[in-house]
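Numbers for residues simply follow the sequence, beginning at 1.
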Amino acid sequence: TYGLYFEDNYHVSQRLTVNLGLRYDPFYPWKETKGRTEVFYPSAYYAGTPSQQFTNAPAGLLFPGDAGVPQYGLRPNFGNVSPRVGFAYDVRGDGKTSIRAGFGSFYDAIQNGIYNNRFVDVSPFSAQVNLTNPKGPFSNPYLGVANPFPAPYPPPVSIVFPTPVLGISYDTANGGVYETPVVYGYNFTVEHQFRGDWLARAAYVGSLSRHLLESQELSPYVYTPSQPLDKQRYLPPYSSISLASQDINSNYNSLQLTVEKRFTKNFSVLGNYTWSKSMDDLPFGQSVTTVGTANSGGTSLVSPIPWYLPGRHQFDYGPSEFDHSSRLVTTFLLDLPKLSNAPALLKYAAGG
């Protein structure tokens, strides 16, 4: 990854300092050295356009080397420019009361790698057969389906794609340019130093996040009472088309209170209380979850509302899975007495 930044601290006066900065973070996609990348194009599917790299692939599933497909599935994004601005103001000029504020935008440096891993797991790079209501018995599970095993590697141009096909794709909107996740962070802080080395701080801290990763199902089965399968949206011969889409937004707002006693008279105290709310429109099961849970990984579930229906994001909008309204963290540091006159065992175990 490459980045470039400029910054300067400008002392406007003895009581006011301004921080200015500008960062440039161009995004480059993962480079798959063996070309194991595929992209689904809806326009190519409806036009019946096949791949020239793998001639038996279903329409719409294209690969690097096909017309219009980027070498690594995505195009670089060279528009990630991030301004930053902040200030610190000494209210009374005595160094005891200050007002600070800042704003900045922060682009993600590296693309989420889970979709890159998925490409190498599917046909034609790693042959798969997905059987739903198989026609054959256990003794002949491939009845009516081409048996791809043993699968040759590297896959030849004429390799067979067993149906139904599982497709994995980056988002082809925006000309295939990756929509880099970005966070707009801002804060406003007032702090005051009291007698006895005590400090109190109150801060508003917030952020807006845009272009977060969501897994979308482009070939959904939609049940209706009159017709079990909605043929207008189900895309045969695909069993599933999983799209890595960057269309999730979130926001975070918090009041952060701090009290601190510097280390004097053999002890110090640091207490932090945060009252906050984190909201997003990410479907349940795709957020940051505890490692080891059923949904850890971030792409296992999709929204119960199909991607094409209006109001889908409003339906999923609510508190983030990791949202906690209140959080209190307190630490203490106590330097024990030397115990110079205590017995040796006690002096060396607890003294000082």
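Side-chain atoms of Asn19 and Thr17, non-hydrogen and from C-beta on, do get closer than 4.5 Å to each other. Within the 4.5 Å cutoff, no side-chain heavy atoms of Phe87 are placed close to those of Val85. In this structure, Ser158 and Phe54 have side chains that are not in contact, with every pair of non-hydrogen atoms separated by 4.5 Å or more. Looking only at side-chain heavy atoms (C-beta outward), Val329 and Arg327 come within less than 4.5 Å of each other. Between Ser276 and Tyr252 the shortest side-chain heavy-atom distance falls below 4.5 Å. Side-chain contact between Pro319 and Met279 is present, with at least one heavy-atom pair separated by less than 4.5 Å. Between Arg262 and Glu260 the shortest side-chain heavy-atom distance falls below 4.5 Å.
Taking the centre and axis of the six-membered ring of Phe267, the NZ or CZ atom of Lys261 falls inside the cone set by 45° and 6.0 Å.
In this structure, a donor-acceptor pair under 3.5 Å is present between the side chains of Glu191 and Ser98. Between the side chains of Gln246 and Asn174, no donor-acceptor pair is found at a separation under 3.5 Å.
Through chains of ILVMFWY side-chain contacts below 4.5 Å, Trp30 is grouped with Ile110.
When Tyr178, Phe40, Phe119, Tyr41 are each tested for a ring pair (Phe, Tyr, Trp, His ring centres under 6.0 Å) with Tyr170, only one passes: Phe119. The ring pair (Phe, Tyr, Trp, His ring centres under 6.0 Å) test with Phe78 is passed by exactly one of Phe27, Tyr24, Tyr28: Tyr28.
In terms of modelled atom types and a separation under 3.5 Å, the side chain of His211 and the main chain of Val182 share no donor-acceptor contact. The backbone N or O of Asn249 sits nowhere less than 3.5 Å from a side-chain atom of Asp280 that would complete a donor-acceptor pair.
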What do the steps show when you test His192 against Phe194 for ring-ring contact (aromatic ring centres under 6.0 Å, His included), and what is the final call?
CA-CA 6 Å; His192 180 74; Phe194 296 91; 4.6 Å; yes

Apply the test side-chain hydrogen bond (donor to acceptor under 3.5 Å, both in side chains) to residues Ser51 and Asp66: give CA-CA distance (whole Å), side-chain angles for both, the deciding distance (0.1 Å), then the verdict.
CA-CA 6 Å; Ser51 170; Asp66 286 323; 2.7 Å; yes

What verdict does the side-chain hydrogen bond (donor to acceptor under 3.5 Å, both in side chains) test give for Asn272 and Gln256, after you've listed the backbone C-alpha separation in whole Å, the side-chain angles of each residue and the deciding distance to 0.1 Å?
CA-CA 7 Å; Asn272 290 284; Gln256 301 181 9; over 6 Å; no

Tell me, with the steps shown, if Ser245 and Gln216 meet side-chain hydrogen bond (donor to acceptor under 3.5 Å, both in side chains).
CA-CA 7 Å; Ser245 176; Gln216 290 188 33; 3.1 Å; yes

Report the C-alpha distance between Asp247 and Arg312 in whole Å, list the side-chain angles of each, state the deciding distance to 0.1 Å, and finish with yes or no for salt bridge (charged side-chain N to carboxylate O under 4.0 Å, His left out).
CA-CA 12 Å; Asp247 72 336; Arg312 179 175 68 88; 3.1 Å; yes

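For Phe149, the CZ atom sits in a packed shell: over 12 heavy atoms of surrounding residues, nucleotides or ligands are nearer than 6.0 Å. Around the CH2 atom of Trp275, the shell of radius 6.0 Å holds no more than 12 heavy atoms that belong to other residues, nucleotides or ligands. Other residues, nucleotides and ligands place more than 12 heavy atoms under 6.0 Å from the CZ atom of Phe103.
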Quiz: residues 331-343 side-chain donor-acceptor pairs under 3.5 angstrom, not counting sequence neighbours:
none

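Remark: Arg210 engages no residue in a salt bridge (Lys or Arg N to Asp or Glu O under 4.0 Å) (not counting sequence neighbours).
For the atom pair OG of Ser242 and CG of Leu218, the computed distance is 8.0 Å after rounding to the nearest 0.5 Å.
Annotation: His324 is not in aromatic contact with Phe322 [ring centroid separation under 6.0 Å not met].
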